[in-house]
J.: 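Sending over a structure as structure tokens; questions will come in a sec.
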Amino acid sequence: MVYTSLFLTGLISLVLLIYHWGENKGVIYLVILLVSASARQLVFLLVNIQTDTSLLALLFLHLDALFCLIGPAGLYYFQSVLKGRLVLDWALLLHLIPALVILLNTLPYYGVPFAEKLQFVAQVQADDPSRENNFPYLLFHYHWQKLFLPAYNILYVFISFAYAIRVRQKGKLYVKRKVWFLLTRVMWVILISIVPIVLLALYS
């Protein structure tokens with residue numbers, strides 16, 4: 001049951017690649033988004049159900065750089081759909097810099113013995129914040145990394161929304177009515193869905 005969403009994500013991603021690759025190769029960004037978001041949800045689930053500590057030790061923190069790609073992947077998929085082709089430019093390298101920074105900051109943790117990682121995630125599952133103070137990092141404390149990831153991805157939702165409005169106002173791209181209708185509805189759903197996340201973040 002725990003891995004059902006991950007299995008479904010893999011299946012959906014495979015279907016998307018098979019049926020949409022020929023039409024618009026920008027679907028690869030959607031696959032990256034789906035896989036990253038599904039993996040992040042799995043980590044959250046494992047933390048809260050307090051089981052599968054070994055699997056959590058393999059995933060926890062190791063995938064933070066991947067989670068940092070959710071926002072950029074969403075933006076580039078959005079652009080690819082609007083332009084009707086794969087969008088791949090030099091600006092993408094700039095969008096990847098935060099993920100690289102997170103990877104560098106997490107490098108010391110990769111060298112921690114697995115037995116110690118098991119103890120670490122066990123304390124995380126027990127909601128014991130004392131272990132966070134001992135988290136090995138290269139650039140900045142884990143506390144800031146934990147806050148940065150959701151804030152960074154939420155920022156990209158607003159960037160994507162602003163991009164859509166700018167495209168609509170300038171009218172430089174021809175976008176099919178059905179495509180535009182679908183994308184705008186998706187963006188509104190995403191904006192509404194992140195409101196509880198923002199409120200919880202402010203509360204915490």
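This one's a predicted model, so the numbers in the text were calculated from it and none came from an experiment. FYI, side chains are in, hydrogens and waters are out, and symmetry mates aren't considered; it's all heavy atoms of this structure. Along the sequence shown, the residues carry numbers beginning at 1.
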J.: Indicate yes or no: at least one non-hydrogen side-chain atom of Tyr152 is less than 4.5 angstrom from one of Pro72.
T.: yes

J.: Quick check: closest heavy atoms across Phe114 and Ala57, and the distance to 0.1 Å?
T.: CE1-CB, 3.7 Å

J.: Leu34: which residues meet the side-chain contact (heavy atoms from CB on, under 4.5 Å) condition with it, sequence neighbours left out?
T.: Thr9, Ile12, Ser13, Leu16, Leu30

J.: When you group the ILVMFWY residues by side-chain heavy-atom contacts below 4.5 Å and let the links chain together, are Trp21 and Val31 in the same group?
T.: yes

J.: Test of understanding: with side-chain contact (heavy atoms from CB on, under 4.5 Å), list the residues that count as partners of Leu107, not counting sequence neighbours.
T.: Leu104, Tyr110

J.: What residues form a side-chain contact (heavy atoms from CB on, under 4.5 Å) with Trp144, not counting sequence neighbours?
T.: Phe140, His141, Leu147

J.: Closest approach of Ile102 and Ala65, non-hydrogen atoms and distance?
T.: CG2-N, 3.8 Å

J.: Just how far is it from atom CG of Leu118 to atom CZ of Phe60, taken to the nearest 0.5 Å?
T.: 13.0 Å

J.: Any side-chain heavy-atom pair from Leu66 and Arg40 closer than 4.5 angstrom?
T.: no

J.: Please tabulate, for the side chains in residues 88-101, all donor-acceptor contacts under 3.5 angstrom to protein atoms that are two or more places apart in sequence or on a different chain.
T.:
unit_1 : atom_1 : unit_2 : atom_2 : d
Asp89  : OD1    : Tyr76  : OH     : 2.6
Asp89  : OD1    : Ala91  : N      : 3.3
Asp89  : OD1    : Leu92  : N      : 3.2
His95  : ND1    : Tyr156 : OH     : 2.5

J.: With sequence neighbours excluded, give me every side-chain hydrogen bond (donor to acceptor under 3.5 Å, both in side chains) pair touching residues 65-75.
T.: none

J.: For residues Leu33 and Gly74, report the shortest heavy-atom separation together with the two atoms involved.
T.: CD1-CA, 3.3 Å

J.: Measure the CG-CG distance between Leu63 and Leu103 for me, rounded to the nearest 0.5 Å.
T.: 11.0 Å

J.: Test of understanding: with ring-ring contact (aromatic ring centres under 6.0 Å, His included), list the residues that count as partners of Tyr109, not counting sequence neighbours.
T.: His62, Phe120, Phe135

J.: Are Lys117 and Leu61 close enough, and set up right, to give a side chain to side chain contact (heavy atoms under 4.5 Å, CB included), and what steps lead you there?
T.: CA-CA 10 Å; Lys117 290 179 181 178; Leu61 293 180; over 6 Å; no

J.: Look only at the side chain of Ser80 and the backbone of Val87, and say whether a donor-acceptor pair between them is shorter than 3.5 Å.
T.: yes

J.: Can you tell if the side chain of Pro113 reaches within under 4.5 Å of the side chain of Gln119, non-hydrogen atoms only?
T.: no

J.: Indicate if Phe148 and Leu139 have the same hydrophobic cluster label, given that clusters are the connected sets of ILVMFWY residues with side-chain heavy-atom separations under 4.5 angstrom.
T.: yes

J.: Nearest 0.5 angstrom please: Leu75 CG to Phe78 CZ, how far?
T.: 9.0 Å

